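Below, chain A is the first sequence line, B the second, and so on; all start at residue 1. As the structure is a prediction and not an experimental result, all values here were calculated from the model.
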Protein chains: 2
Amino acid sequence: MSTAKTYHHGNLKETLITSGLDILREQGLAGLSLRNCAERAGVSHTAPKNHFGNLAGLLTAIAARGYQQLTAHMQRDLSEDASRIERRNAAFQGYVEFALAHPALYELMFSKHKTNSGDPELLAQVTASFVILRDASEGLDWDKSDKPDADLRAQMMLWSLVHGFAQLSVSGKFDKDMMRKLDILDVMPDFQYRS
Amino acid sequence: MSTAKTYHHGNLKETLITSGLDILREQGLAGLSLRNCAERAGVSHTAPKNHFGNLAGLLTAIAARGYQQLTAHMQRDLSEDASRIERRNAAFQGYVEFALAHPALYELMFSKHKTNSGDPELLAQVTASFVILRDASEGLDWDKSDKPDADLRAQMMLWSLVHGFAQLSVSGKFDKDMMRKLDILDVMPDFQYRS
DNA sequence: CATGAATGTTTCCAGTGGAAATATAAATGC
DNA sequence: GCATTTATATTTCCACTGGAAACATTCATG
């Protein structure tokens with residue numbers, strides 16, 4: 001691999017993904033076009049076809065990378081022996097912070113039609129992110145009812161809660177009063193752990 | 001107003017909005033283009049400019065109509081003397097049902113960049129929808145902590161919960177087990193009312 | 001070293017939103 | 001009642017988009 005200008009790029013697949021992430025940061029989702037991304041990587045606009053098939057394929061790879069980063073961000077600064085509460089706080093806060101810090105990428109990750117939502121690599125990264133949330137909320141005594149499937153319901157509710165909070169924050173639907181309280185740990189009820 | 005083909009349409013503004021809603025239903029958000037919408041209304045692709053300025057203006061009007069319908073749907077089948085629990089159930093369930101029944105419209109309504117999010121008419125309809133949710137959750141004894149701004153926090157959390165649930169359902173992020181439990185009232189904890 | 005596979009380029013096409021100039025109809029003023 | 005202004009819609013043009021197809025170059029493998 002060299003940086004000299006050769007006919008074959010040498011690392012195009014990876015370069016296209018990072019170019020895409022850069023464009024999302026600088027120009028938002030609307031600015032992320034095939035041609036824009038290819039130009040930034042220094043190739044013609046049809047070169048990505050070899051690696052990703054089409055635009056949706058490229059966006060899928062970028063979104064998958066986004067989930068990878070989200071997973072990492074939810075685990076940031078956690079030592080091996082972090083407590084359950086520390087892990088839970090890091091995961092919840094990390095999720096919301098990530099959405100606010102990378103709104104365009106977040107929008108792409110949760111857009112239904114821009115990506116190939118059935119792509120195995122994407123699905124794997126989505127699952128990895130969700131597993132962090134699920135593990136962090138395990139054992140939370142948040143519902144005292146005796147409905148069945150308590151664990152499954154708890155997972156759905158907590159993911160919904162965190163995701164909805166992030167989504168409404170990023171999309172600006174919260175009103176002015178609400179925007180002053182964007183720390184999810186501050187807004188969330190004091191869920192305690194069982195046992 | 002006549003249905004005969006005249007140079008002046010006579011009811012173009014309204015027709016464009018309903019055409020847009022039809023296209024969203026039939027072809028999804030990706031199919032909703034200025035030209036597509038104009039053709040369906042029987043005018044040239046630049047005609048909408050007089051009424052909505054540009055594409056974003058048209059999409060803004062369509063989204064506002066969407067919030068209007070959402071508000072109505074959250075209040076469906078409610079008699080004057082409906083109980084708080086009935087109103088809450090109708091609002092929560094109506095919100096999720098609406099998202100699942102009109103996924104493309106819902107996507108447009110909560111997309112940050114496709115609409116003019118500062119538009120007064122849009123903001124008014126967004127607020128109207130939120131007020132339904134807020135009223136329906138008023139008095140819910142959902143958090144026993146003594147943190148300040150309990151009402152504001154409760155509103156944010158419940159909207160987050162319902163919106164996140166709808167969003168994750170529509171976008172297909174819930175896994176197979178979760179997709180079998182898409183009734184939010186069944187998944188939600190048994191929040192009780194105070195007093 | 002030759003041949004096939006992988007990787008990029010060039011060229012073309014249909015589609016998009018929008019600007020600008022123009023055409024038509026409606027509304028208003030005298 | 002007629003002329004002028006205003007509102008509404010069309011036509012034409014442009015830059016941009018994703019993708020198909022044919023071609024060029026390099027790599028990898030026998």
*Asks:* From B:His113 NE2 over to A:Ser171 OG, what is the distance, rounded to the nearest 0.5 angstrom?
*Replies:*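 Those atoms lie 10.0 Å apart.
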*Asks:* When the distance from CD of A:Glu39 to P of C:dG8 is rounded to whole Å, what number comes out?
*Replies:* 17 Å
*Asks:* Is a donor-acceptor contact shorter than 3.5 angstrom present between the side chain of B:Arg35 and the base of C:dG17?
*Replies:* yes
*Asks:* A:Leu12 CG to C:dT7 P: how many Å, rounded?
*Replies:* 9 Å
*Asks:* Is the shortest side-chain N to carboxylate O distance from B:Arg65 to B:Glu14 below 4.0 Å?
*Replies:*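 A salt bridge links B:Arg65 with B:Glu14.
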*Asks:* In residues 43-63 of chain A, which ones come under 4.0 Å of DNA chain C, going by heavy atoms?
*Replies:* A:Val43, A:Ser44, A:His45, A:Thr46, A:Ala47, A:Asn50, A:His51
*Asks:* To the nearest 0.5 Å, tell me how far B:Ile132 CD1 sits from B:His73 NE2.
*Replies:* 13.0 Å
*Asks:* A:Leu34 CG to C:dT16 P: how many Å, rounded?
*Replies:* 18 Å
*Asks:* Could you check how far CG of B:Asn36 sits from P of C:dG15, rounded to whole Å?
*Replies:* 11 Å
*Asks:* Any heavy-atom pair between the side chains of A:Leu182 and A:Val96 that's under 4.5 Å?
*Replies:*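 A side-chain contact is absent here, since even the closest heavy-atom pair is not under 4.5 Å.
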*Asks:* CG of B:Leu29 versus P of C:dT16: gap in Å, rounded?
*Replies:* 14 Å
*Asks:* Does a side-chain N-to-carboxylate-O contact under 4.0 Å join B:Asp186 and B:Lys181?
*Replies:* yes
*Asks:* For the pair made of NZ in A:Lys13 and P in C:dA6, what is the distance, rounded to whole Å?
*Replies:* 13 Å
*Asks:* About how many Å separate CG of B:Leu152 and CG of A:Asp175, when rounded to the nearest 0.5 Å?
*Replies:* 7.0 Å
